[in-house]
Amino acid sequence: MDAETKYLPNRRRTFGKVRPHQTQNEVLVFEKSTPGKRGYMMPPLDVPAIDAAKLLGDAHRNDSGLLPELSEIEIIRHFTRLSTWNYAIDLGMYPLGSCTMKYNPRVNEVVARIPGLAEAHPYRVRSHAQGIMEIIDLLQYCLLEITGMDAITLQPAAGAHGEMTGILLVRAWHESQGNPRKKVLIPDSAHGTNPATAAICGYAVENLKSNADGGIDLDALARQADEETAALMLTNPSTLGVFENEIQRIADILHGKGALLYMDGANMNALVGKVRPGDFGVDVMHLNLHKTFSTPHGGGGPGSGPVACKAFLEPFLPIPVLLREPDGTRRWEYDRPQSIGRVRAYYGNVGMFIRALAYILANGPDGLRQTTEDAVLNANYIRKRLEDVYELPYKTASMHEVVFSDKRQAAHGVKTGDIAKRLIDYGFHPYTVSFPLIVPGALMIEPTESESVQELDLFIDAMRSIAHEVEEDPELVKTAPHSTRVSRLDEVQAARKPVLRWKPTE
Ligand SMILES: *Cc1c(COP(=O)(O)O)cnc(C)c1O
């Protein structure tokens, strides 16, 4: 193997590599402004000039605000070049566990761009908004059918925002019963947003230890659930990718104490079309349209975190709620005295509703069920083909994702973060690193249904090859990635002193 092949094992799949005629230095130059350059040209003025300063008063500015000065093609090249430094689901598998980075179907985008939908204004008069209201209504209906719940709000803009909305519903309901209660139980495998949500809604967080299978310890639950428990926030399947078999007993224990069961529905990609949380005792839950329902995730677009609940929580839903009149038309109802109020401007990220509905209708019930089965099959295929080289801390059956640990590689001084960075050289986005917290050195892998067996095999080959490198040449892995324009960044500085926007150098 020549040196280049060793460091760049899969050249076909490496992205953003420096072209031969570019020096590394040229590529990294970011500041490209030249004084006086323009990206536009105006025709000569053929009407009398107006005095802008007089017209605009204080709002008039004379300088260009220190904006960069470039020609049109320089701007195009700048942004296009930056986009090639990045990784995306449209370039290859994105096995970021818990995030369900599935393909964003193009049909969603076509539908969302229909001018009558894309240009709809939230203040459009009711009679002109019936079409988009019907879309919202139909999505609500589909999501209720999928979850087995009774009522829903589409307002929250993310999963974490949905959690907050859901726990505010729990709080409002307990208050209506005379006591908001004091604490929320959260398993030690939970996503960090769960305790943050409970705390922001004014509850004390009580940790619930998982049992040896990664599930809820029923005895511990029975001991800890009491008359001051507002709810348990449970992720099902859990962040270990394990389905909670005792879910109905868990719901019974909570309900016996007057507490509610909140389900973090981020992992619904393992359940859609198979089982419904409303049928196994869940009182309130959120969905992530940007995970399960194929709308763009992260930098690709705004999120959407609908909250579905049982009928007794409905009076507390955010305003406005969508109602259907006897004549079949729809209207927004604001007069809801028990509502927790608004959680977001207008009606939520409506463009995402259109995409999610397009995805649901394009698949239909059978397609959605098939999606779930394929997602689970893909995760188990990876599990089977990697479990001889990576440690599998929980042997319980996997659903849509599988969690390994770096135990064997750590013996050679290589950690999960190093393996993840090396994966970049093989042309893949890293899996989720060091989460869930109950697995030391976790490698959390979620392929989703989008991947073909060929892509899964490439990923498995990469992971096996890295395991081999760890034994033969650990330094190679510990200094990865070798194929990117920048290698290891200062992650502490990035978190403590983030540079979030370009600023002119004066
Ligand atoms: C993604 C995720 C969340 C948070 O959802 P966001 O949309 O990112 O706010 C909560 N819980 C779990 C288990 C998740 O995977």
Side-chain angles (χ1 to χ4, degrees), residues 89 94-102 104 143 147 153-168 184-201 205 208 210 214-216 231-244 261-272 277 282 284-308 343-344 348-349 352-353 355-356 375 379 398-403 429-439 442-448:
I89 186 67
Y94 207 128
L96 198 62
S98 208
C99 293
T100 314
M101 302 300 286
K102 63 169 72 179
N104 311 132
L143 296 178
T147 55
T153 174
L154 304 182
Q155 253 185 56
H161 196 196
E163 290 174 34
M164 188 196 78
T165 305
I167 296 300
L168 286 178
V184 169
L185 302 178
I186 300 180
D188 50 12
S189 57
H191 194 265
T193 49
N194 292 184
T197 292
I200 215 165
C201 294
V205 174
L208 204 57
S210 300
I216 294 283
L232 165 70
M233 292 182 84
L234 185 74
T235 309
N236 195 20
S238 74
T239 59
L240 291 166
V242 170
F243 187 79
E244 181 55 74
L261 177 55
Y262 181 93
M263 187 175 116
D264 178 330
N267 293 340
M268 271 300 283
N269 212 42
L271 305 186
V272 173
V282 171
V284 49
M285 65 178 293
H286 79 261
L287 295 162
N288 305 58
L289 298 189
H290 46 287
K291 293 180 179 172
T292 318
F293 296 97
S294 84
T295 72
H297 201 152
S304 182
V307 171
V343 296
R344 197 184 178 283
N349 286 327
M352 297 304 134
F353 307 164
R355 287 169 176 83
S398 291
M399 299 285 287
H400 66 304
E401 62 194 357
V402 54
V403 179
H429 192 281
Y431 49 78
T432 291
V433 169
S434 305
F435 176 77
L437 300 178
I438 54 169
V439 174
L443 292 70
M444 184 195 218
I445 301 170
E446 180 183 10
T448 83

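All ligand and atom numbering here is 1-based and tracks the order in the structure. This structure is a prediction, so every number in the text was calculated from the model and none was measured.
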According to ring-ring contact (aromatic ring centres under 6.0 Å, His included), who are the partners of His290, at least two apart in sequence or on a separate chain?
His297
May I ask you to check whether Ser238 and Glu244 show a side-chain donor-acceptor distance below 3.5 Å?
no
Qualifying residue for side-chain contact (heavy atoms from CB on, under 4.5 Å) with Thr197, from Asp264, Ile167, Val184:
Ile167
Restricting to salt bridge (Lys or Arg N to Asp or Glu O under 4.0 Å), what partner residues turn up for Lys102, sequence neighbours left out?
Glu449
Ligand 1: which residues have a non-hydrogen atom closer than 4.0 Å?
Ser98, Ala158, Gly159, Ala160, Glu163, His191, Thr193, Thr235, Asp264, Ala266, Asn288, His290, Lys291
Please check: side-chain N/O of Glu401 versus main-chain N/O of Met444, any donor-acceptor pairing under 3.5 Å?
no
List the residues meeting side-chain hydrogen bond (donor to acceptor under 3.5 Å, both in side chains) with Ser304, not counting sequence neighbours, and say none if there are none.
none
